[in-house]
Asks: 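Take a look at this one; I'll ask things after.
Letters go in sequence order (proteins before strands), and every chain restarts at 1. Since the model is a prediction, treat every value here as computed from it, not as a measurement. Values below: every heavy atom of this structure, side chains too, minus hydrogens, waters and symmetry copies.
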Amino acid sequence: MKFAGTDNYVATDDLKVAVNAAATLRRPLLIKGEPGTGKTVLAQEVANSFGVELIEWHIKSTTKAQQGLYEYDAVSRLRDSQLGDEKVKDIRNYIKRGKLWDAFTSDKTPVLLIDEIDKADIEFPNDLLLELDRMEFHVYETGETIKAVNRPIVIITSNNEKELPDAFLRRCFFHFIKFPEPETMKHIIDVHFPDIDKNLVKEALNIFFEIREVPGLKKKPSTSELLDWLKLLMAEELPEEVLKSKDPSSLIPPLHGALLKNEQDVHLFERLAFMNRRKTT
Amino acid sequence: MFINFFYELKDGGLPVSIKEYMTLMEAMEAGCANYSVDDFYFLSRSIFVKDESKLDRFDRIFGKVFEGIEFIADDEAHEIPKEWLEKLAELYLSKEEMDEIKSLGDWDEIMETLKKRLEEQEKRHQGGNKWIGTAGKSPFGAYGYNPEGVRIGQDKGRHGRAIKVWDKREFKNLDDSIELGTRNIKVALRKLRQFAREGEATELDLDGTIHSTAHNGFLDIKMVPERHNAVKLLLFFDVGGSMDPHIKVCEELFSAARSEFKHLEFFYFHNCLYERVWKDNSRRHNETMSTMDVLHTYPHDYKVIFIGDASMSPYEITYPGGSVEHWNEESGEVWMKRLGNIYQKSVWLNPIPEEHWRYSQSIQIMKTLMQDKMYSLSLSGIDSAMKELRR
């Protein structure tokens with residue numbers, strides 16, 4: 001089993017090595033990088049390329065580690081007991097399986113995605129240490145131990161909002177997806193839009209990297225924004241000349257809404273465009 | 001054979017442990033590196049580096065440890081023009097030495113000597129004196145190379161593709177103490193979060209409900225307030241004069257702090273804290289606030305951060321009337337102490353690099369007044385400051 005990128009995902013060499021090492025040793029792989037560089041998509045593509053099931057666990061600020069293992073629904077058991085339901089006698093009826101349980105008991109080796117682990121409470125990763133290391137956990141209510149039949153391939157993404165504890169990091173492989181260089185970016189666009197006009201891509205990329213260079217942007221556009229923008233440009237069938245025109249009065253690129261996601265950034269860009277116009281007249 | 005590499009990483013300040021080393025061994029055994037240097041580099045990087053700010057450091061150490069390993073020749077190699085090296089040699093080797101070496105051997109030997117000389121120099125000059133790369137003396141500096149990273153005087157064939165990867169040091173500007181963007185600051189400030197349940201009870205307390213239901217024998221619902229960040233912060237910014245060059249980093253810190261903390265108040269002062277502070281710099285001569293009022297308004301559980309370069313005449317701190325702008329009845333020292341007595345949790349962030357602090361008397365005085373809780377205004381500095389505040 002070797003991961004080598006897929007038809008619609010361009011993986012750099014270092015990413016391939018990291019994924020393959022993590023898959024071979026069955027250790028969690030921690031992925032960091034700018035938003036929109038394809039961290040979450042990676043898990044889907046790894047699952048696709050290995051032809052296995054993908055189990056996704058999206059983390060929110062309120063998510064608890066325990067929820068990934070199982071949850072004991074005490075409230076409905078309490079209600080059932082007051083109604084005299086027969087179900088109440090077996091505690092197993094009130095234990096809801098979490099994503100890790102699903103992943104551990106899956107017949108075929110699944111890919112488990114723990115998305116945006118940094119969103120959760122600071123203790124969250126620590127609570128999962130043992131479970132991810134040994135790939136087993138204990139259910140106190142029933143006294144059984146759930147052990148992974150096939151150790152899943154675990155991919156964890158982080159947006160760096162919180163630091164992860166050292167003990168957790170020590171158990172992971174780490175990869176930082178850096179922003180693609182223009183060459184790689186062309187490749188990525190080829191993969192997503194095989195029929196796109198080469199000149200359009202060239203002009204669009206120029207504008208895109210120019211925007212990324214603008215100092216002081218709150219949110220720099222990333223790969224996913226570029227792809228959206230190209231999709232729009234194609235849908236509108238704008239001629240490439242529109243992009244090419246270096247006319248300062250139209251310095252704001254067409255359909256910029258796909259690239260600049262925040263008012264201040266649009267204002268900043270407009271101001272720069274305005275200053276440019278004044279310079280030329 | 002990689003033990004040496006492991007210890008170099010550890011000495012280089014990377015938080016590596018035996019666990020990671022064993023993982024590397026395991027991965028090598030499983031054939032993950034494929035006997036290729038590039039793959040080995042990628043593999044060891046993904047095992048040993050757990051934080052993108054450490055990537056640059058890792059690259060440097062990797063380059064140092066595996067320097068001299070023969071790589072497959074590649075015509076993409078980065079060549080250093082011979083003229084540069086000759087120039088450099090002239091700079092660091094005397095004429096006699098050059099002649100001597102020339103009579104003994106050839107170009108390679110000159111380079112070998114030069115390399116040794118550079119290493120020596122590097123060691124002798126440690127302590128923040130960036131002797132290479134400044135003043136435009138060295139061709140390496142100008143091109144962003146680090147002498148450690150450049151394989152001086154090697155033949156073309158030895159600059160393999162792999163070297164290119166790690167010697168380019170693509171992650172350069174991510175190292176801890178260099179770049180300060182608001183996002184990074186936010187992450188650093190976030191360490192200060194302290195969650196507490198406060199305010200109105202809006203959440204069902206399941207455990208409490210079960211407990212009291214079991215205890216009382218009837219359904220007894222308990223509610224608790226939601227958890228939120230309960231940290232309260234007072235910021236004091238030094239403005240004007242010597243702080244002007246640091247405006248950008250202060251703005252970044254300010255905007256990051258604003259978005260991170262709900263309970264945040266800020267005030268400006270000039271050079272040292274005296275009896276008045278203000279909230280709007282354009283009207284600071286009319287609309288000031290008495291520092292005493294500030295002390296009376298905000299309770300002692302507020303945490304205080306001063307941001308300033310603390311660079312002034314020592315008199316401005318220690319003597320009444322020392323202020324450059326007005327007559328102050330009480331010295332800055334008195335005010336700093338007064339504040340320190342009320343707010344136990346306080347730190348000072350200084351935009352001036354830490355290695356220059358000892359040359360300034362006023363910084364020393366201020367640092368003592370702050371009971372050594374002065375940190376540099378860099379990511380790692382903010383980090384340790386937050387740790388101190390949370391203690």
Side-chain angles (χ1 to χ4, degrees), chain A residues 2 12-27 29-35 61-62 71-75 77-79 81-82 118 121-123 133 158-179 181 215-220, chain B residues 15-24 26-34 36 38-55 165 170-171 174 181-184 186-188 190-191 193 195 203-204 206-207 209-210 213-214 218-219 221 226-228 248 255 383:
Chain A
K2 278 263 178 256
T12 49
D13 286 343
D14 45 349
L15 179 60
K16 280 182 221 163
V17 171
V19 170
N20 284 325
T24 316
L25 300 190
R26 294 291 152 82
R27 296 275 167 81
L29 173 64
L30 174 67
I31 302 280
K32 277 198 211 170
E34 248 182 76
S61 64
T62 50
E71 276 180 291
Y72 169 47
D73 190 353
V75 173
R77 192 171 187 213
L78 185 69
R79 192 193 54 212
S81 79
Q82 300 202 321
D118 53 329
D121 200 75
I122 196 105
E123 290 302 328
D133 207 27
S158 164
N159 268 325
N160 227 359
E161 284 189 18
K162 265 186 219 109
E163 291 230 351
L164 299 169
D166 286 346
F168 181 78
L169 291 175
R170 233 168 262 147
R171 288 164 170 81
C172 298
F173 281 85
F174 171 76
H175 184 76
F176 181 75
I177 301 188
K178 64 179 183 333
F179 197 79
E181 282 160 24
L217 279 190
K218 288 214 155 173
K219 162 81 179 77
K220 287 183 181 169
Chain B
V16 292
S17 69
I18 298 175
K19 173 118 190 154
E20 274 119 347
Y21 186 70
M22 297 315 282
T23 311
L24 177 68
E26 209 179 312
M28 297 287 284
E29 218 166 81
C32 291
N34 230 354
S36 120
D38 277 1
D39 283 356
F40 175 71
Y41 163 69
F42 291 142
L43 179 71
S44 51
R45 194 180 73 184
S46 80
I47 291 174
F48 287 123
V49 184
K50 298 296 161 65
D51 183 1
E52 62 273 20
S53 65
K54 302 285 190 308
L55 281 169
V165 180
E170 299 176 59
F171 295 96
L174 285 174
T182 43
R183 193 182 152 75
N184 293 344
K186 274 186 206 167
V187 175
R190 224 163 270 187
K191 291 227 169 93
R193 281 184 184 176
F195 287 98
E203 270 185 354
L204 174 69
L206 192 54
D207 291 341
T209 306
I210 293 170
T213 303
F218 56 86
L219 195 55
I221 288 178
E226 215 179 315
R227 273 156 40 98
H228 38 107
K248 190 167 171 281
S255 69
D383 232 57

Asks: Need one label for A:L78: side chain, backbone, both or neither, based on atoms under 4.5 Å from any heavy atom in chain B.
Replies: side chain

Asks: If you compare all heavy atoms of A:V17 against all heavy atoms of B:L43, which two are closest, and at what distance to 0.1 Å?
Replies: CG1-N, 3.7 Å

Asks: With a 4.5 Å limit on heavy-atom distance, are the side chains of A:F176 and B:V49 in contact?
Replies: no

Asks: Chain A heavy atoms under 4.5 Å from B:K19: which part of the residue, side chain, backbone, both or neither?
Replies: side chain

Asks: Do the side chains of B:Y41 and A:D14 get nearer than 4.5 Å, heavy atoms only?
Replies: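 The answer is no; the side chains never approach within 4.5 Å.
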
Asks: Could you tell me whether the side chain of B:K50 and the main chain of A:F168 form a donor-acceptor pair under 3.5 Å?
Replies: no

Asks: Could you give the distance from CZ (B:F42) to OG1 (A:T12), rounded to the nearest 0.5 Å?
Replies: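 Interatomic distance, B:F42 CZ to A:T12 OG1, rounded to 0.5 Å: 7.5 Å.
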
Asks: I need the B:I47 CD1 to A:H175 NE2 distance, nearest 0.5 Å.
Replies: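 If we round to the nearest 0.5 Å, B:I47:CD1 and A:H175:NE2 are 14.0 Å apart.
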
Asks: Contact part of B:I210 toward chain A, heavy-atom cut-off under 4.5 Å: side chain, backbone, both or neither?
Replies: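 Side chain only.
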
Asks: Taking the side chain as C-beta and beyond, is there a heavy-atom pair between B:D38 and A:D13 under 4.5 Å?
Replies: no

Asks: Heavy-atom pairs under 4.5 Å with chain A - which of B:A30, B:P15, B:S17 has more of them than the others?
Replies: B:S17

Asks: Is it true that, when you exclude B:I221 itself, more than 12 heavy atoms of the residues, nucleotides or ligands shown sit nearer than 6.0 Å to its CD1?
Replies: no

Asks: Taking A:C172, A:A22, A:S158, A:A74 one by one, which has the highest count of heavy-atom pairs under 4.5 Å against chain B?
Replies: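 When all of A:C172, A:A22, A:S158, A:A74 are compared, A:C172 has the most.
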
Asks: How long is the span from the CG atom in A:L25 to the CD atom in B:E29, to the nearest 0.5 Å?
Replies: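 Atom-to-atom, A:L25:CG and B:E29:CD are 10.0 Å apart.
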
Asks: How long is the gap from CZ on A:F173 to CG on B:L24, to the nearest 0.5 Å?
Replies: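 Answer rounded to 0.5 Å: 8.5 Å.
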
